[in-house]
Amino acid sequence: MTTILYIEDDPINARLVRRMLDDATFTLLSAEDGLEGLQIARQQRPDLILMDINLPSVSGLDITRRLKADKELRHIPVIALTGNDKMKDRGEALAAGCDDYLPKPVSRLELLKTIEQHLSQRRP
């Protein structure tokens, strides 16, 4: 079973993504802030992480940098899923180590396609 960790502080966005992925074959873990997400990533080793950028206390970009600096976690694809939609924001996310960038609102089809693309790149 494929495990996805969604790090998102807004409960409405978290519910929306959970509904989008409900009938897909994923186990969805969630964290309400970056530090909790980092802890879950270390414990559960998800196959992919969906990362909100604007998180309280520690930004999603900082958490992504920490994930990518950790030799045990750096292989996990991180997809920025954020309300920021400027080209500058996309560049900053990719520079921080995000493997992809999806601005909100995102369609279910686009989200699933992006997830599958990154998961297929990891499979032998």
If I take atom [atom1] from residue [X] and atom [atom2] from residue [Y], how far apart are they, to the nearest 0.5 angstrom?
X      : Y      : atom1 : atom2 : answer
Asn54  : Glu8   : CG    : CD    : 9.0 Å
Leu112 : Ser107 : CG    : OG    : 8.5 Å
Ile4   : Leu29  : CD1   : CG    : 9.5 Å
Asp33  : Ile63  : CG    : CD1   : 8.0 Å
Asp100 : Met51  : CG    : CE    : 14.0 Å
Glu116 : Thr2   : CD    : OG1   : 7.5 Å

Would you check if [X] and [Y] make a side-chain contact, meaning some heavy-atom pair closer than 4.5 Å?
X     : Y      : value
Leu50 : Leu48  : yes
Leu5  : Gln44  : no
Thr82 : Asp89  : no
Phe26 : Leu119 : yes

Ignoring hydrogens, what is the shortest heavy-atom contact between [X] and [Y]? Give both atom names and the distance.
X      : Y      : result
Ile49  : Ala41  : CD1-CB, 4.2 Å
Leu111 : Leu102 : CD1-CD1, 4.0 Å
Thr64  : Gly97  : CG2-C, 3.6 Å
Tyr6   : Ala14  : CE2-CA, 3.7 Å
Met20  : Arg108 : O-NE, 2.8 Å
Val106 : Leu81  : CG1-CD1, 3.7 Å

Membership question, hydrophobic clusters at under 4.5 Å side-chain separation (ILVMFWY): are Leu94 and Ile79 in the same one? no

The side-chain contact (heavy atoms from CB on, under 4.5 Å) partners of Asp99 (sequence neighbours excluded) come to Lys68, Pro77, Val78, His118

Sequence neighbours excluded, the answer for salt bridge (charged side-chain N to carboxylate O under 4.0 Å, His left out) partners of Arg74 is none

The criterion is salt bridge (charged side-chain N to carboxylate O under 4.0 Å, His left out); which residues satisfy it with Asp62, sequence neighbours excluded? Arg65

Test side-chain contact (heavy atoms from CB on, under 4.5 Å) on Asp52 and Asn13 and set out the steps. CA-CA 10 Å; Asp52 184 28; Asn13 288 336; 5.9 Å; no

Is the backbone of [Y] close enough, under 3.5 Å, to the side chain of [X] for a donor and an acceptor to pair up by distance?
X     : Y     : result
Ser59 : Leu55 : no
Asp47 : Thr3  : yes
Arg45 : Glu72 : yes

Steps toward side-chain contact (heavy atoms from CB on, under 4.5 Å) verdict (Arg66, Val58): CA-CA 11 Å; Arg66 292 181 194 188; Val58 181; 4.1 Å; yes

Is it the case that atom CD in Glu32 sees more than 12 heavy atoms from other parts of the structure closer than 6.0 Å? no

